[in-house]
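Here is the structure we will look at, set down as structure tokens.
One-based numbering, in listed order, for ligands and for the atoms of each.
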Amino acid sequence: EGVFTFDPGFMSTSSCESKITFIDGEKGILLHRGYPIEQLAEKSDFLEVCYLLLKGELPDAQQKEEFTSVITRHTMVNEQMKSFLNGFRRDAHPMAVMCGMVGALSAFYHDSLDINNAKHREISATRLISKMPTIAAMVYKYSMGQPLMYPRNDLSYSENFLHMMFNTPASEKPINPVLARAMDRIFILHADHEQNASTSTVRLAGSSGANPFACIAAGIAALWGPAHGGANEAVLRMLDEIGDVSNIDKFIAKAKDKDDPFKLMGFGHRVYKNFDPRARVMKQTCDEVLGELGINDPQLELAMKLEEIALKDPYFVERNLYPNVDFYSGIILKAIGIPTEMFTVIFAAGRAPGWFAHWNEMISQPYKIGRPRQLYTGYTQRDYPNK
Ligand code: CMC
């Protein structure tokens with residue numbers, strides 16, 4: 001047979017052509033459709049970024065109003081999804097429930113799953129982006145044993161999410177605009193990141209012609225792991241474990257020890273060999289949120305000290321290990337009141353437009369089923385023993 005390149009981990013393989021997101025890992029640059037992430041985080045909002053990723057251009061005022069209105073009017077989920085939710089154990093990990101609930105969208109919304117029909121694809125994109133925060137909040141309320149909150153059409157996307165998460169029928173409080181803005185930024189900073197493990201999973205699943213909700217459920221599964229989206233949860237668990245500034249040196253030594261599986265969570269990236277540009281914006285947002293809430297978080301102090309020490313340590317310097325997006329997001333989410341187990345679910349809600357845009361980009365042009373080859377290292381042919 002032919003000669004194949006052996007590239008475990010896809011260190012040097014481009015799996016597709018794409019016009020959506022550009023990353024320069026050496027310089028620490030991230031552009032969506034050409035626009036720098038820093039400018040989008042400052043001047044745009046999440047729904048505008050969704051539009052940009054999905055359609056290729058920023059919307060004009062009228063397009064933005066229409067898009068926002070359509071998304072807002074699709075935030076409710078089929079009532080029967082509540083019965084589906086009720087089948088899960090309340091103490092299940094929220095990502096386990098999220099995988100199931102998003103996969104189930106293809107069971108509840110199967111009237112528009114013709115992948116060759118552009119209108120159907122648009123309807124599915126709308127459904128996905130509008131319902132992700134609703135599903136995420138349902139997963140949380142269910143885990144808490146609290147009544148589910150319906151979305152409200154008078155609230156913005158991120159206000160609505162915080163309303164469904166933290167309000168109760170007995171007490172509906174206005175949403176703090178600083179926290180809503182921070183939530184929106186977190187969604188923007190997670191919106192897309194080209195061919196990462198979960199997006200590549202979505203594309204690979206989609207290359208067989210599977211429907212987008214099923215493919216995105218597969219992406220959510222890939223995101224769950226601690227080397228990918230699960231890192232935001234792992235960062236806070238790590239900070240808990242370190243406990244105090246006086247223990248940092250011990251944990252840095254563990255991270256450098258090749259016989260110890262411990263890694264500095266929230267540090268390092270396959271593509272960035274420089275500061276993750278998302279981490280800079282995240283840190284700034286973190287300061288804003290803690291300032292607004294008047295929180296003096298010892299974990300933030302610990303995180304900052306850890307960052308300072310690691311950035312000076314030759315081990316991290318030589319390997320270009322810098323803080324990534326997950327390093328600060330957990331501290332913001334914690335300050336907002338979101339429990340650690342929910343962090344990766346929030347990442348999934350933010351990544352939804354990126355996953356959909358990549359699936360849609362692939363499906364809208366000629367594509368092949370993804371089918372990697374292997375280097376077989378097992379037995380050569382042998383005969384079944386005579387017994
Ligand atoms: N702590 C200690 N050492 C590290 C770390 C770390 N966090 N990350 C990489 N290294 C070392 C690694 O041991 C290797 O050392 P050596 O060359 O001596 O064998 C070197 O740095 C290169 O690392 P690698 O594992 O070959 O790099 P990779 O591209 O395969 O892995 C990574 C990238 C993100 C999986 C890894 O850096 C990691 O596990 N980081 C911690 C988890 C994390 O924060 N993940 C979030 C990624 S960003 C957003 C997202 O995707 O969710």
Side-chain angles (χ1 to χ4, degrees), residues 6-13 21 23-26 28-30 37 95 98 186-203 219-239 241-242 248-283 303 306-333 340 342-352 354-355 358:
F6 181 51
D7 184 16
F10 305 107
M11 301 289 285
S12 60
T13 299
T21 289
I23 300 177
D24 183 330
E26 299 297 323
I29 292 173
L30 169 61
I37 189 66
M95 279 299 275
M98 193 72 183
I186 288 180
F187 286 145
I188 293 175
L189 294 174
H190 286 102
D192 190 42
H193 214 227
E194 49 117 312
Q195 312 308 323
N196 55 84
S198 58
T199 304
S200 299
T201 301
V202 171
R203 280 193 182 248
I220 293 175
L223 185 74
W224 192 357
H228 192 9
N232 53 15
E233 182 176 337
V235 168
L236 274 216
R237 296 205 191 289
M238 175 188 75
L239 293 176
E241 203 187 334
I242 298 176
I248 291 180
D249 288 345
K250 193 173 92 200
F251 280 88
I252 294 266
K254 272 164 75 63
K256 298 193 302 194
D257 180 357
K258 296 289 163 200
D259 296 326
D260 190 322
F262 177 81
K263 276 187 168 182
L264 217 50
M265 299 314 287
F267 259 76
H269 197 275
R270 171 59 64 80
V271 184
Y272 293 122
K273 302 301 166 202
N274 200 323
F275 230 94
D276 179 340
R278 302 168 299 171
R280 282 189 206 281
V281 183
M282 215 46 112
K283 188 170 180 180
L306 186 66
E307 181 190 350
E308 190 190 316
I309 294 176
L311 287 178
K312 283 193 207 129
D313 190 299
Y315 173 95
F316 293 90
V317 174
E318 280 158 20
R319 289 171 179 76
N320 293 314
L321 300 170
Y322 291 86
N324 59 49
V325 70
D326 293 316
F327 194 67
Y328 285 105
S329 61
I331 293 167
I332 308 176
L333 293 171
T340 315
M342 280 293 293
F343 290 0
T344 315
V345 168
I346 309 268
F347 191 149
R351 185 56 56 90
W355 286 330
H358 281 274

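Atom CZ of Phe262 sits in a crowded spot, with more than 12 heavy atoms from other residues, nucleotides or ligands closer than 6.0 Å.
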Contact table, ligand 1 N/O with protein N/O, distance under 3.5 Å:
from     : atom 1 : to     : atom 2 : distance (Å)
ligand 1 : 1 (N)  : Leu264 : N      : 3.1
ligand 1 : 3 (N)  : Tyr315 : OH     : 2.9
ligand 1 : 7 (N)  : Leu264 : O      : 2.7
ligand 1 : 7 (N)  : Phe267 : O      : 3.0
ligand 1 : 13 (O) : Lys258 : NZ     : 2.8
ligand 1 : 15 (O) : Lys258 : NZ     : 2.9
ligand 1 : 15 (O) : Arg319 : NE     : 3.2
ligand 1 : 18 (O) : Lys258 : NZ     : 3.1
ligand 1 : 18 (O) : Arg319 : NE     : 3.0
ligand 1 : 18 (O) : Arg319 : NH2    : 2.9
ligand 1 : 29 (O) : Arg270 : NE     : 2.6
ligand 1 : 30 (O) : Arg270 : NH2    : 3.0
ligand 1 : 39 (O) : Lys263 : NZ     : 3.2
ligand 1 : 40 (N) : Phe267 : O      : 2.9
ligand 1 : 44 (O) : Gly266 : N      : 2.8
ligand 1 : 44 (O) : Asn324 : ND2    : 2.9
ligand 1 : 45 (N) : Ala227 : O      : 3.1
ligand 1 : 51 (O) : His228 : ND1    : 2.7
ligand 1 : 52 (O) : His228 : O      : 2.8
ligand 1 : 52 (O) : His228 : ND1    : 3.4
ligand 1 : 52 (O) : Gly229 : N      : 3.3
ligand 1 : 52 (O) : Asp326 : OD2    : 3.0

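Side-chain atoms of Arg270 come within 3.5 Å of backbone N or O of Gly9 as a donor-acceptor pair. Of the possible donor and acceptor atoms, one in the side chain of Asn324 sits under 3.5 Å from a partner among the backbone N and O of Gly268.
Between Phe347 and His228, the two ring planes are perpendicular [angle over 60°; tilted spans 30° to 60°]. Note on ring orientation: taking the six-membered ring where Trp is involved, the planes of Tyr322 and Phe275 are tilted (angle from 30° to 60°).
Under 4.0 Å is where a charged nitrogen must lie from a carboxylate oxygen, and between Lys312 and Glu308 at least one such pair does.
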